[in-house]
Amino acid sequence: MTLLEAIAARHSVRSYYDRPLEPSVREPLMCVIKENAQAADLNIQLIEDDPAAFTGFLAHYGRFRGVRDYIVIAGHKSADLDERVGYYGEQIVLEAQRLGLNTCWVALTYTKNEERILLQEGERLRCVISVGYGTTAGVSHRIKPYDRVATPRREQAPDWFVRGVEAALLAPTAVNQQQFRFALQADGTVKARARLGFYARIDLGIVKRHFEIGAQPHNVRWV
């Protein structure tokens with residue numbers, strides 16, 4: 001499965017079988033987590049066998065069931081922290097999909113386990129991603145039209161730009177808001193911005209990674 005195929009196959013899954021990660025899956029997942037943590041300068045951890053984190057009121061409200069394993073992402077405060085969390089966190093999500101796992105980005109629907117989540121001084125826990133064997137593969141979310149999120153118009157844009165936008169529209173965003181916009185500049189660079197909304201900067205990192213994958217083999221230059 002390619003990354004582009006993983007984008008098309010991945011949907012948010014909130015219900016999981018009570019089944020530990022198999023060694024054949026866990027080991028490559030840990031490698032992916034380590035690689036992306038180093039590349040992003042983030043503290044990314046796989047927390048296993050901790051079902052209590054998803055048994056509180058908010059988890060019930062978010063309709064999570066059977067979550068036992070999850071990934072936490074933390075980092076030191078900086079202007080680009082949330083964007084890095086989204087960009088590299090989504091890379092892990094897509095690799096998990098390629099391994100046959102299901103995932104869901106989580107905001108406030110878990111209970112922090114301070115005994116299991118190890119943070120360094122000054123680090124901020126920014127997001128959690130549930131991971132495991134879903135009872136379903138999830139369903140597609142509502143997708144905005146191209147012209148609502150990008151300029152120039154589809155018929156005026158190069159193919160690589162259109163492909164990038166289409167991949168970005170398949171990205172998970174908070175409450176499925178899709179509060180982002182891409183603009184192709186005269187010099188061939190791409191400007192991406194997040195509109196107001198919950199976790200908008202994390203969403204921006206996620207959609208930028210999707211855009212890059214969709215635009216391949218074109219090398220996207222951000223401005």
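These figures come from a predicted structure and were not determined experimentally.
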In E83, R193, R181, the residue satisfying side chain to side chain contact (heavy atoms under 4.5 Å, CB included) with L204 is E83
Closer than 3.5 angstrom, by distance alone: can the side chain of [X] be matched with the main-chain N or O of [Y] as a donor-acceptor pair?
X	Y	value
K144	Q177	yes
N43	L118	yes
R142	N176	yes
R163	A215	yes
E27	V25	no
D203	A194	no
R209	A171	no
R221	D187	yes

Side chains of [X] and [Y] in contact at under 4.5 Å (non-hydrogen atoms):
X	Y	result
P172	E90	yes
I92	I129	no
R14	S130	no
V207	F211	no
L46	M30	yes

Locate the shortest heavy-atom distance separating [X] from [Y]; write the atom from each residue and the value.
X	Y	answer
A168	F180	O-CZ, 3.8 Å
T189	V223	OG1-CG1, 3.6 Å
P28	L99	CG-CD2, 3.8 Å

Salt bridge present between R126 and D82 (N-O < 4.0 angstrom): yes
Check the angle between the aromatic planes of F182 and W222 and answer parallel, tilted or perpendicular using the 30° and 60° thresholds. tilted
Hey, could you give me the [atom1]/[atom2] distance between [X] and [Y], rounded to the nearest 0.5 Å?
X	Y	atom1	atom2	answer
N36	R84	CG	CZ	12.5 Å
L81	E123	CG	CD	9.5 Å
R26	L101	CZ	CG	12.0 Å

E121 atom CD, neighbour heavy-atom count above 12 within 6.0 Å: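 Not buried by this count: 12 neighbours or fewer within 6.0 Å.
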I'd like to know if the side chain of Y16 pairs up with that of T135 as donor and acceptor (distance under 3.5 Å, no hydrogens or angles considered).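 No.
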Between T2 and R98, do the side chains contain a donor N or O and an acceptor N or O under 3.5 Å apart? no
Given the side-chain rings of Y133 and Y17, with only the six-membered ring counted for Trp, is the space between their centroids under 6.0 Å? no
Which residue, K208, E212, H210, forms the side chain to side chain donor-acceptor pair (under 3.5 Å) with Y87?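 In the set K208, E212, H210, the residue that makes a side chain to side chain donor-acceptor pair (under 3.5 Å) with Y87 is E212.
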